[in-house]
Amino acid sequence: MLTALGSAPGGLTLAGAAEATGLARATARRAPLSLQQLGYAAAAGEGRRFTLLPTLLELGYARLSRLTFAEITQPHPARLVEQVHDSASVAVLADDDIMYVARVHTVRIMSVNITVGTRFPAYATSVGRVLLAGLPEQEAVERLARASVRPLTPFTRVDAADLAEAVAQARRDGHALVDQELKEGLRSIAVPVHDRTGRVVAAVNVSTHASRGTLDDLRQAVLPALTAAAAAIEEDLTVVTERVRLAIP
């Protein structure tokens with residue numbers, strides 16, 4: 001009934017409500033009258049057309065005001081995994097590390113102990129480089145300079161200039177791809193997530209085994225779905241933050 005009333009310009013009569021919902025007339029009569037009694041609808045005009053009132057937003061606000069950043073983002077990596085069949089995550093910057101706030105595994109991914117709250121050095125991860133790329137350039141350079149950089153695998157970039165260029169490349173490309181720098185055999189590709197002001201507040205990534213094709217194969221197979229997932233997260237964040245003040249880790 002809420003959907004029917006909200007979709008009808010000018011509202012609906014009781015007879016129109018019954019027709020629009022397919023409900024029996026007695027049922028269709030009770031619902032608008034109940035909404036009116038609760039203060040969520042009003043009846044006025046010729047034929048007593050029922051329309052929804054702005055107070056209805058209180059129902060959604062109660063739920064939105066309790067949502068956390070993790071709860072908003074969690075459904076998106078789950079849908080992404082269904083598309084690409086590899087593990088997906090959402091992470092944020094936490095000092096010089098990245099911290100996972102949402103994570104969905106697949107059985108394909110190699111054994112890497114990653115759960116919500118897990119932290120890794122930002123310099124060695126795709127999400128870290130995307131998040132660093134979202135900072136002012138000088139701040140990103142300073143963060144890299146103070147980080148405790150060490151080789152985690154034979155492939156880890158540790159040279160300061162090389163890392164700065166990797167972050168700059170992520171800024172130019174709009175994504176970052178890290179090949180076995182965090183753990184041998186593990187590849188990861190990430191894109192940024194922006195808030196309504198355009199600020200990078202998180203990153204979403206997909207992780208896969210290095211044996212599954214080339215780096216270009218990974219970009220072609222995953223990047224479009226990854227970019228779409230980031231856009232969907234941004235849309236949800238915009239909707240929520242228009243109504244509540246959301247705390248982003």
Side-chain angles (χ1 to χ4, degrees), residues 68-70 72-73 76-77 88-103 114 116-183 186-207 215 218-219 222-223 226-238 240-242 245-249:
T68 65
F69 183 76
I72 294 169
T73 57
H76 297 283
S89 310
V90 178
V92 297
L93 268 181
D95 298 322
D96 297 330
D97 296 335
I98 57 102
M99 182 178 70
Y100 289 91
V101 295
R103 174 76 173 172
I114 300 174
V116 171
T118 296
R119 295 170 67 139
F120 288 122
Y123 69 86
T125 63
S126 61
V127 287
R129 289 179 188 171
V130 163
L131 291 167
L132 289 170
L135 298 174
E137 187 173 353
Q138 186 57 38
E139 182 179 349
V141 170
E142 291 172 357
R143 282 184 180 244
L144 287 171
R146 71 169 184 250
S148 300
V149 176
R150 60 187 179 88
L152 304 175
T153 76
F155 305 97
T156 307
R157 300 187 193 188
V158 293
D159 178 75
D162 194 18
L163 286 171
E165 173 55 28
V167 170
Q169 187 69 48
R171 189 178 294 113
R172 292 192 295 268
D173 294 343
H175 72 273
L177 197 159
V178 168
D179 185 17
Q180 304 184 76
E181 295 187 49
L182 179 67
K183 184 176 179 65
L186 181 68
R187 283 178 181 162
S188 177
I189 185 170
V191 298
V193 173
H194 303 83
D195 66 11
R196 59 186 300 190
T197 69
R199 182 173 62 100
V200 174
V201 294
V204 57
N205 84 319
V206 168
S207 301
L215 297 181
L218 179 59
R219 286 190 183 94
V222 173
L223 191 54
L226 191 59
T227 302
I233 294 173
E234 290 172 354
E235 184 176 354
D236 281 359
L237 289 176
T238 297
V240 172
T241 54
E242 282 178 347
R245 185 174 182 179
L246 181 68
I248 298 176

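Scope of the values below: all heavy atoms of this structure, side chains included, with no hydrogens, waters or symmetry mates.
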message: Quick check: closest heavy atoms across S207 and S188, and the distance to 0.1 Å?
response: OG-OG, 3.8 Å

query: Taking atom OG1 of T227 and atom CD1 of I189, what is their separation to the nearest 0.5 Å?
result: 8.0 Å

- request: Rounded to the nearest 0.5 Å, what's the gap from CG on L237 to CD1 on I72? Could you check?
  value: 5.5 Å

Candidates R150, R187, R129 - the one meeting salt bridge (Lys or Arg N to Asp or Glu O under 4.0 Å) with E181: R129

message: If you apply the rule side-chain contact (heavy atoms from CB on, under 4.5 Å), what do you find for L177 with L215, and how did you get there?
response: CA-CA 8 Å; L177 197 159; L215 297 181; 3.4 Å; yes

- prompt: Within a strict 4.5 Å, meaning less than it, do heavy atoms of the Y123 and D96 side chains meet?
  reply: no

- prompt: Below 4.5 Å, heavy atoms only, C-beta onward: do P121 and L152 meet side chain to side chain?
  reply: yes

field: Pairwise side-chain contact, V191 with V204, heavy-atom cut-off 4.5 Å (strictly under)
entry: yes

field: Distance-minimising heavy-atom pair for A122 and L93
entry: CB-CD2, 4.1 Å

field: Separation of L186 CG from D179 CG (nearest 0.5 Å)
entry: 9.0 Å

field: Heavy-atom pair with the smallest gap, counting every atom of H76 and A229
entry: ND1-O, 4.4 Å

Heavy-atom check, side chain of T118 versus side chain of R103, under 4.5 Å: no

field: Side chains of V158 and V149 in contact at under 4.5 Å (non-hydrogen atoms)
entry: yes

message: Can you give me the closest heavy-atom contact between A102 and T73, atom names plus distance?
response: CB-OG1, 3.8 Å

query: Looking only at heavy atoms, what is the nearest atom pair of R171 and A140, with distance?
result: NH2-CB, 4.1 Å

- prompt: Quick check: does any side chain N or O of R143 sit under 3.5 Å from a backbone N or O of L132, one acting as donor and the other as acceptor?
  reply: no

message: Are N205 and V130 packed together at the side-chain level, in the sense that at least one heavy-atom pair is separated by less than 4.5 angstrom?
response: no

message: Strictly below 4.0 Å, N to O, side chains only: are R146 and E142 in salt-bridge contact?
response: no

- line: One should read off an interatomic distance between S126 OG and L226 CG, to the nearest 0.5 angstrom, of 8.5 Å

field: SB check E165 R157 (cutoff 4.0 Å)
entry: no

task: State the CG-CG distance between L131 and D97, to the nearest 0.5 angstrom.
output: 11.5 Å

message: Show the nearest heavy-atom pair for residues P192 and E234, with the distance to one decimal.
response: O-OE2, 3.8 Å

